[in-house]
K.L.:
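Next up is a structure, given as structure tokens.
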Amino acid sequence: MSIGSILTGKKPLVSVTKATTVREIARLLYENRIGAVLVIEEGAILGIVSERDIVAGLHTHESVLDCTAGQVMTSPVITAPPDQDIADSMGVMTDRRVRHLPVVAEGRCVGLVSIGDLVKRRIDDAEAEATALKDYIQTS
């Protein structure tokens with residue numbers, strides 16, 4: 001199963017510019033119940049701002065809420081193609097210690113998956129397989 005299949009039915013991508021304040025980003029994270037936003041300008045992914053970046057900003061900036069995305073974002077961003085396997089994506093996220101992975105096709109960001117999205121899909125797949133095996137055994 002590929003990470004592109006997870007994008008179906010997900011909320012629309014939320015992005016900001018480098019000039020967006022952390023105060024506005026915090027509002028977007030809260031209102032959309034998400035953990036990160038991409039920093040995109042002219043179609044290019046410049047960085048990502050996650051809850052973790054905001055917490056780090058509390059330590060490194062006197063008034064993090066007045067900082068801009070450009071000041072606190074993580075860059076460069078690790079991305080993946082839509083056909084990348086879920087298990088491989090989980091490995092990349094674990095090795096690189098990131099919780100969000102932008103999905104990029106033909107140079108364009110088509111979505112963002114979280115480690116939670118990937119774990120949920122793996123659990124759903126395992127439960128479906130277990131149910132299919134039980135049904136098979138019962139009908140044999």
Side-chain angles (χ1 to χ4, degrees):
M1 187 67 62
S2 69
I3 60 173
S5 66
I6 293 175
L7 298 177
T8 304
K10 279 191 57 113
K11 296 176 184 176
L13 182 67
V14 178
S15 65
V16 298
T17 66
K18 284 175 56 174
T20 305
T21 65
V22 171
R23 182 180 313 277
E24 175 65 12
I25 293 169
R27 184 187 67 74
L28 289 169
L29 296 177
Y30 174 77
E31 288 179 353
N32 290 285
R33 299 181 50 83
I34 55 177
V37 294
L38 289 174
V39 181
I40 298 177
E41 291 184 357
E42 298 179 19
I45 300 173
L46 304 178
I48 188 168
V49 178
S50 68
E51 296 161 324
R52 186 181 286 177
D53 294 313
I54 294 172
V55 170
L58 289 170
H59 176 70
T60 57
H61 297 284
E62 196 165 307
S63 179
V64 71
L65 293 177
D66 297 324
C67 290
T68 64
Q71 292 174 290
V72 299
M73 70 184 184
T74 296
S75 182
V77 178
I78 300 157
T79 64
D83 61 349
Q84 184 166 296
D85 184 73
I86 290 174
D88 292 341
S89 299
M90 291 175 80
V92 167
M93 294 170 90
T94 300
D95 292 344
R96 301 301 296 266
R97 300 184 51 81
V98 297
R99 293 185 231 165
H100 300 88
L101 196 58
V103 181
V104 177
E106 298 174 10
R108 190 175 131 273
C109 184
V110 294
L112 181 68
V113 295
S114 70
I115 192 69
D117 295 330
L118 301 182
V119 169
K120 181 182 182 319
R121 175 54 67 91
R122 292 288 300 253
I123 290 169
D124 290 347
D125 290 348
E127 288 174 349
E129 184 178 353
T131 299
L133 287 171
K134 285 178 189 176
D135 291 345
Y136 175 76
I137 291 168
Q138 289 175 352
T139 58
S140 295

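All residue numbers refer to positions in the sequence shown, counting from 1. Only heavy atoms go into these numbers, but all of them, side chains included; no hydrogens, no water, no symmetry mates.
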K.L.:
Which donor-acceptor pairs under 3.5 Å do side chains of residues 54-64 form with protein atoms, sequence neighbours excluded?
P.N.:
| unit_1 | atom_1 | unit_2 | atom_2 | d |
| --- | --- | --- | --- | --- |
| T60 | OG1 | A56 | O | 3.2 |
| S63 | OG | D66 | OD2 | 2.9 |

K.L.:
Please, which pairs that meet side chain to side chain donor-acceptor pair (under 3.5 Å) have at least one residue in residues 43-55, sequence neighbours excluded?
P.N.:
S50-D53, D53-T74

K.L.:
Looking at residues at least two apart in the chain, or sitting in another chain, which of them share a salt bridge (Lys or Arg N to Asp or Glu O under 4.0 Å) with D124?
P.N.:
K120

K.L.:
Please list, chain by chain and in numerical order, all residues satisfying side-chain hydrogen bond (donor to acceptor under 3.5 Å, both in side chains) with E24, sequence neighbours excluded.
P.N.:
R27

K.L.:
Pair up each side-chain donor or acceptor in residues 89-102 with any protein partner under 3.5 Å, not counting sequence neighbours, and list the distances.
P.N.:
| unit_1 | atom_1 | unit_2 | atom_2 | d |
| --- | --- | --- | --- | --- |
| S89 | OG | Q84 | NE2 | 3.0 |
| S89 | OG | D85 | O | 3.0 |
| T94 | OG1 | M90 | O | 2.9 |

K.L.:
Which distance, rounded to the nearest 0.5 Å, do you find between the CD1 of I34 and the NZ of K11?
P.N.:
7.5 Å

K.L.:
With hydrophobic residues grouped by side-chain heavy-atom distances under 4.5 Å, do I123 and L118 end up in a single group?
P.N.:
yes

K.L.:
Is I3 reachable from L112 through a run of I, L, V, M, F, W or Y residues, each pair having side-chain heavy atoms under 4.5 Å apart?
P.N.:
no

K.L.:
Does the side chain of V22 come within less than 4.5 Å of V49's, by heavy atoms?
P.N.:
no

K.L.:
Please give me the minimum heavy-atom distance between V110 and A105, naming the atom from each residue.
P.N.:
CG1-CB, 4.1 Å

K.L.:
side-chain hydrogen bond (donor to acceptor under 3.5 Å, both in side chains) with T21: which residues, sequence neighbours excluded?
P.N.:
none

K.L.:
Look up atom OG in S15 and atom CD1 in I48, then write down how far apart they are to the nearest 0.5 Å.
P.N.:
11.5 Å

K.L.:
Can you name the residues that form a side-chain hydrogen bond (donor to acceptor under 3.5 Å, both in side chains) with S2, not counting sequence neighbours?
P.N.:
none

K.L.:
Can you tell me how far the CG atom of L38 sits from the SG atom of C109, to the nearest 0.5 Å?
P.N.:
5.0 Å

K.L.:
Quick one: do V14 and L46 end up in the same hydrophobic cluster if we chain Ile, Leu, Val, Met, Phe, Trp and Tyr together by side-chain heavy atoms under 4.5 Å apart?
P.N.:
yes

K.L.:
Would you please name every residue forming a side chain to side chain contact (heavy atoms under 4.5 Å, CB included) with K10, sequence neighbours left out?
P.N.:
I6, L7, D117

K.L.:
With a cut-off of 3.5 Å and sequence neighbours excluded, list every side-chain donor-acceptor pair involving residues 130-138.
P.N.:
| unit_1 | atom_1 | unit_2 | atom_2 | d |
| --- | --- | --- | --- | --- |
| T131 | OG1 | E127 | O | 3.0 |

K.L.:
Does any pair with a residue in residues 33-43 pass salt bridge (Lys or Arg N to Asp or Glu O under 4.0 Å), and if so which ones, sequence neighbours excluded?
P.N.:
none

K.L.:
Once side-chain hydrogen bond (donor to acceptor under 3.5 Å, both in side chains) is applied, do any residues pair with S75, and if so which ones, sequence neighbours excluded?
P.N.:
none

K.L.:
Answer with yes or no whether the hydrophobic clustering places I115 together with V103; edges join I, L, V, M, F, W, Y residues whose side-chain heavy atoms lie under 4.5 Å apart.
P.N.:
yes

K.L.:
Do V119 and I78 belong to the same hydrophobic cluster, where Ile, Leu, Val, Met, Phe, Trp and Tyr are linked whenever their side-chain heavy atoms lie under 4.5 Å apart, directly or via other members?
P.N.:
yes

K.L.:
Report the residues that fulfil side chain to side chain contact (heavy atoms under 4.5 Å, CB included) with A19, sequence neighbours left out, ordered by chain and then residue number.
P.N.:
T17

